[in-house]
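What follows is a short report on a single structure.
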Amino acid sequence: MSMPNIAAQTLQRQILSGTYKTGQMLPGQRDLAESLGISRASLREALSMLEALGFIRSMPGKGTLVTSGRSHPAAKEKASSAAPSSAELQSTFQLRYVIEPDAAALAARVTNTHTTPRLWSVQARFEDALKTVDLVSASQADLAFHQLIAELSGNPGLLQISRDFETRISHSLRLPFADHSRIWEPAEEHRAIAAAISAGDADGARAAMQVHLLHTAARAGISFLQP
């Protein structure tokens, strides 16, 4: 696990345990980086993750506010200077909508007794993280689920696209978790996708992925032109 991910998990635990309470400002970045033993660049990346997940909010000129799951319109309110713009998020979701449903359909066509357990194993890791509101780990498992489907499609190009756009896709996956009251919705949608792939139902897998992506975008406050 990378240093930013470790730092994000540490801060997430501190917020959930009440070390840093909702409505409180986090220490300054210099002090926070020193306390975590990381560089300020790694800290900024960790803070960006936590902001997308709804744990904190950057307040220009003031610092970083702990929000701890208060829903906010991510698409309308740019989280930080490093966060993708609304147009970039729309294009990311549109790209995913063009590619991922067909990847799921292909995965369903070539599924076998060796690949299906891998999919459900990642899903179990995703749900285990959600049970403890470890949204840093949940977002990593979420990405792993989608990349595994690209791999299981049997088309190396689809997996390469997923990896080439990993940073943008990862951010688009984190945004819906900002409303902590709805964190189980993606897991339920994942189950529908995994079930269709496991059953070899290509049409069902494609449709389930389309529904998931539309709902994910809606939870993040994003709308995009569908092909």
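Counting begins at 1 with the first residue of the sequence.
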Would a 4.5 Å heavy-atom cut-off, applied to side chains only, mark [X] and [Y] as touching?
X: P176; Y: R182; value: no
X: L11; Y: L32; value: yes
X: F55; Y: L26; value: no
X: P227; Y: V98; value: yes
X: Y97; Y: L214; value: yes
X: L47; Y: E51; value: no

*Could you tell me whether the side chains of H215 and E189 share a donor-acceptor contact shorter than 3.5 Å?*
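Per modelled atom types, H215 and E189 side chains form a pair under 3.5 Å.
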Taking [X] for its side chain and [Y] for its backbone only, find out whether a donor-acceptor pair lies under 3.5 Å.
X: T111; Y: G200; value: no
X: S198; Y: A194; value: yes
X: K21; Y: G18; value: yes

With the 4.5 Å side-chain cut-off for hydrophobic clustering, are [X] and [Y] part of the same group?
X: I193; Y: L95; value: no
X: F93; Y: L173; value: no
X: I169; Y: L135; value: no
X: L16; Y: I6; value: yes
X: M209; Y: V122; value: yes

Which heavy-atom pair separates [X] from [Y] by the least distance, and what is that distance?
X: A217; Y: F224; value: CB-CE2, 3.8 Å
X: A33; Y: R40; value: CB-CG, 4.0 Å
X: L175; Y: A220; value: CB-CB, 3.8 Å
X: A129; Y: A138; value: CB-N, 3.6 Å
X: A178; Y: A52; value: CB-O, 3.7 Å
X: M3; Y: S42; value: CB-OG, 4.2 Å

Please enumerate all residues that pass side chain to side chain donor-acceptor pair (under 3.5 Å) together with [X], with sequence neighbours excluded.
X: R168; answer: S91, T92
X: D134; answer: Q9, Q12, S137
X: R109; answer: none
X: T19; answer: S17

Measure the [atom1]-[atom2] distance between [X] and [Y] for me, rounded to the nearest 0.5 Å.
X: S139; Y: L130; atom1: OG; atom2: CG; value: 10.0 Å
X: I15; Y: I56; atom1: CD1; atom2: CD1; value: 6.5 Å
X: Q29; Y: S39; atom1: CD; atom2: OG; value: 10.5 Å
X: L53; Y: D179; atom1: CG; atom2: CG; value: 12.5 Å
X: W184; Y: F126; atom1: CH2; atom2: CZ; value: 8.5 Å
X: L213; Y: I222; atom1: CG; atom2: CD1; value: 13.0 Å

Can you sort out the partners of [X] under salt bridge (Lys or Arg N to Asp or Glu O under 4.0 Å), two or more places apart, ordered by chain and number?
X: R191; value: E127
X: E45; value: none
X: R44; value: none
X: E34; value: none

_Listing request: all salt bridge (charged side-chain N to carboxylate O under 4.0 Å, His left out) pairs with a residue in residues 206-218, at least two apart in sequence or in separate chains._
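Pairs touching residues 206-218 that pass the test: D102-R206, D203-R206.
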Under 3.5 Å, side-chain donor or acceptor atoms of residues 143-155 against the rest of the protein: list the pairs with distances, not counting sequence neighbours.
residue, atom, partner, partner atom, Å
H146, ND1, E100, OE1, 2.6
H146, NE2, D142, OD1, 3.4
H146, NE2, H190, NE2, 3.4
H146, NE2, H212, NE2, 3.3
Q147, NE2, E166, OE1, 3.1
E151, OE1, R118, NH2, 3.3
E151, OE2, R118, NH1, 3.1
E151, OE2, R118, NH2, 3.1
S153, OG, A150, O, 2.6
S153, OG, N155, N, 3.2
N155, OD1, G157, N, 2.8
N155, OD1, L158, N, 3.4

*In the hydrophobic clustering (ILVMFWY, side-chain contacts below 4.5 Å, transitive), which residues join M49, or is it alone?*
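Besides M49, the cluster holds no residue at all.
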*Set of side chain to side chain contact (heavy atoms under 4.5 Å, CB included) partners for K62, sequence neighbours left out*: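 Only M25, M59 meet the side chain to side chain contact (heavy atoms under 4.5 Å, CB included) criterion with K62.
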